[in-house]
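The block underneath contains the structure these notes are about, expressed in structure tokens.
Here, residue 1 is the first one in the sequence, and each next residue gets the next number.
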Amino acid sequence: MASPHSLCTIFLLTLAFIACASGQLSPGFYNGVCPQALPTIQRIVRDAVRNEARMGASLLRLHFHDCFVNGCDGSILLDDTSTFTGEKTSRANANSARGFEVIDSIKTAVDQACGGSVVSCADILAVAARDSVYAVSGSWTNIALSTLIFARAITLKISLDSYTQIMGSSHPSLLD
């Protein structure tokens with residue numbers, strides 16, 4: 001008989017696949033949900049890059065580091081808790097990754113413009129990276145967006161559980 005942990009993992013994986021299959025990636029995904037989202041992100045990024053030109057590269061780098069290990073899930077924005085070291089302060093990002101305050105400003109402004117938490121943090125990072133490249137170089141590209149927050153959260157949880165199971169609890173955390 002399968003353990004309750006295995007059954008729970010299988011159930012969560014099934015839900016994640018269903019969410020991924022039903023999620024439609026589209027550059028205009030937020031046009032109907034919150035038409036102010038993308039212009040709000042672009043305005044704040046443009047202002048941040050005007051204020052400090054290096055911020056364009058910093059926002060692009062945040063997106064790269066968010067996507068590097070397990071896909072783009074917004075996990076680089078995780079703050080520390082009493083039992084968890086977030087990616088912001090992990091050894092890999094400490095005194096290295098920057099631009100978090102711009103992303104925090106964007107998240108606050110987008111939530112206000114949309115009347116709640118509608119735009120995923122992963123999508124905010126992706127759009128901010130795109131808009132920072134545009135602000136610096138004038139190059140534009142469409143990116144596919146969707147709110148697969150649930151699937152992304154499950155993927156992160158399963159990845160951390162799998163890592164702990166494989167490496168053991170005595171091994172240093174990936175997030176340290």
Side-chain angles (χ1 to χ4, degrees), residues 23 25-31 33-153 155-157 159-160 163 172-176:
L25 297 174
S26 163
F29 181 84
Y30 292 108
N31 291 349
V33 180
C34 180
Q36 305 87 355
L38 300 184
T40 300
I41 296 169
Q42 187 176 32
R43 177 182 47 79
I44 294 172
V45 168
R46 183 189 65 231
D47 293 347
V49 172
R50 273 189 194 148
N51 189 41
E52 181 190 356
R54 286 183 21 198
M55 189 54 67
S58 296
L59 293 173
L60 179 60
R61 186 171 186 262
L62 273 181
H63 180 57
F64 169 79
H65 280 271
D66 182 51
C67 298
F68 186 68
V69 178
N70 284 318
C72 310
D73 58 8
S75 61
I76 196 159
L77 303 175
L78 294 174
D79 289 313
D80 292 349
T81 68
S82 60
T83 59
F84 175 79
T85 301
E87 288 187 38
K88 279 185 185 179
T89 58
S90 68
R91 277 191 299 241
N93 295 324
N95 300 318
S96 174
R98 55 190 295 272
F100 294 110
E101 68 284 351
V102 175
I103 299 298
D104 290 343
S105 295
I106 291 170
K107 180 67 175 153
T108 300
V110 167
D111 286 354
Q112 189 173 31
C114 298
S117 187
V118 174
V119 181
S120 74
C121 290
D123 283 349
I124 286 175
L125 280 168
V127 173
R130 179 205 54 196
D131 291 351
S132 69
V133 170
Y134 179 71
V136 171
S137 71
S139 295
W140 181 264
T141 186
N142 284 322
I143 52 175
L145 303 168
S146 180
T147 52
L148 298 177
I149 300 168
F150 182 68
R152 290 175 179 143
T155 302
L156 177 62
K157 170 85 171 98
S159 297
L160 289 173
Y163 173 80
S173 171
L174 275 177
L175 302 175
D176 286 344

* **Candidate pair R61 and S96, rule side chain to side chain donor-acceptor pair (under 3.5 Å), full reasoning** => CA-CA 10 Å; R61 186 171 186 262; S96 174; 2.7 Å; yes
Donor-acceptor contact present, side-chain [X] to main-chain [Y], <3.5 Å:
X: R50; Y: V45; answer: no
X: K107; Y: S117; answer: no
X: D66; Y: D73; answer: yes

Out of curiosity, [X] [atom1] to [Y] [atom2], how far, rounded to the nearest 0.5 Å?
X: M55; Y: L60; atom1: CE; atom2: CG; result: 12.5 Å
X: F84; Y: T81; atom1: CZ; atom2: OG1; result: 7.0 Å
X: I76; Y: C67; atom1: CD1; atom2: SG; result: 9.5 Å
X: C34; Y: F29; atom1: SG; atom2: CZ; result: 11.5 Å
X: D123; Y: I41; atom1: CG; atom2: CD1; result: 8.0 Å

* Just wondering, more than 12 heavy atoms not from F100 lying within 6.0 Å of its CZ? -> yes
* Asked: Should we say atom CD of E52 is surrounded by more than 12 heavy atoms from elsewhere, each under 6.0 Å from it?
  -> yes
Could you tell me whether the side chain of [Y] reaches within less than 4.5 Å of the side chain of [X], counting heavy atoms only?
X: R46; Y: S132; answer: no
X: L77; Y: E87; answer: no
X: D47; Y: N51; answer: no
X: I103; Y: I124; answer: yes
X: V127; Y: Y30; answer: no
X: H63; Y: R130; answer: no

* Indicate whether the side chain of T89 and that of D80 have a donor and an acceptor atom separated by less than 3.5 Å. => yes
* Asked: Less than 4.0 Å between a side-chain N and a carboxylate O, is that true for K88 and D79?
  -> yes
Which atom pair, heavy atoms only, marks the closest approach of [X] to [Y]?
X: V136; Y: G56; value: CG2-CA, 4.0 Å
X: L125; Y: G74; value: CD1-CA, 4.0 Å
X: G99; Y: L62; value: C-CD1, 3.8 Å
X: D131; Y: L38; value: OD2-O, 4.3 Å

